[in-house]
Amino acid sequence: MPVAKVTDIAFGRLQSPDLDLAEEFLADFGMARAARTRDVLYMRGTDAAHHLHVTHRGEPKFLGFAFYASNEEELARLARVEGASPVESLDEPGGGKRVRLRDPHGFQIEAVYGIEKLALLPVRRNVVNTGPEKLRRAGELTRLPHGPAQVKRMGHGVIATSDLPKTLAWYRDTFGLLCSDDVWSGEPANLVSSFNRCDRGDDYVDHHVFFTMKGPKPGLNHFSYEVRDFDDVMMGHEHLKGKGKYKHMWGIGRHRLGSQIFDYWCDPWGRVHEHWTDSDVLNARAAPGLIEAGKGTYAQWGESMPARFQTYAVT
Ligand SMILES: [Fe+2]
């Protein structure tokens, strides 16, 4: 039995030397400020989570990410995992409680519970006349305002690991994650990456909340955020490209494993942030997949995963 069955990913934590620059990028990426203190920036999406991205002032560094625990008993159980902190009150906007854990590479992974929720932010209306329901927007014109994408929520976190079996076992055993798809190369026993989802029984969840890939250097590969729809992915792309100062990493395309339409951008310090929409959703009854790595493993259409991204890891 796993120690806990987390319900979702909550937020990522980074360290950056310039909070103004961090906020400017994240606003261009499609988030809004939830709170800012002298040394910490909290950004939110249009859903109710208090924040889904935290930036601490300091030298560029990947600080970790957080999952939502199901309840306080889970936090108490997680606090007994080797190397974990006791259950602590979160001394930051939104409050709540947490346990800090260390994954096999020493990255801080938090489990949080009871963080305050905020009122939803308005989302631009976008009704489409596609498929069998051709008259959804009968008589109404589409005129989309230009601007950033509308980030809804955090979707997943991705760790590059030099010891995939150990990393995978730790995340699954600690947080109750289920295998959606393992990817192998050469022979089935040689896993090169793994997509994992939350176990919420009969309830459907995103195909992956945690992805890990084998690489020479451990670190953060990317944080990923859900946006409203395909137009948002495209408008967000145009907005970030139009700024002329952000580095594009990969996309636009549609993933194979998870099926999301995706687009990847670097923040000013090279940390990769993904936009996606339209994920596969599975419940706990779905059988695990075992896929051979090859052309098209990571994209059904659009650009294949660039070589520079396959080993990308920041610490
Ligand atoms: Fe992703």
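Whatever order the structure lists them in is the order used to number ligands and atoms, beginning at 1.
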Suppose we only allow N, O or S atoms; which atom of His222 ends up nearest to the Fe ion (ligand 1)? NE2
Restricting Glu274 to its N/O/S atoms, the closest one to the Fe ion (ligand 1) is OE1
Please test Glu110 against Arg98 for salt bridge (charged side-chain N to carboxylate O under 4.0 Å, His left out), starting from the C-alpha separation and ending with a verdict. CA-CA 7 Å; Glu110 296 163 78; Arg98 74 167 173 188; 2.9 Å; yes
Please state whether the separation between the Fe ion (ligand 1) and some N/O/S atom of His208 is under 2.8 Å? no
Is Glu140 atom CD crowded by more than 12 heavy atoms from other residues, nucleotides or ligands, each under 6.0 Å away? yes
Looking at Asp8 and Arg200, is there a salt bridge between them, counting it only when a charged N and a carboxylate O are closer than 4.0 Å? no
May I ask you to check if Lys243 and Phe29 form a cation-pi contact, with NZ or CZ under 6.0 angstrom from the six-membered ring centre and within 45° of the axis? no
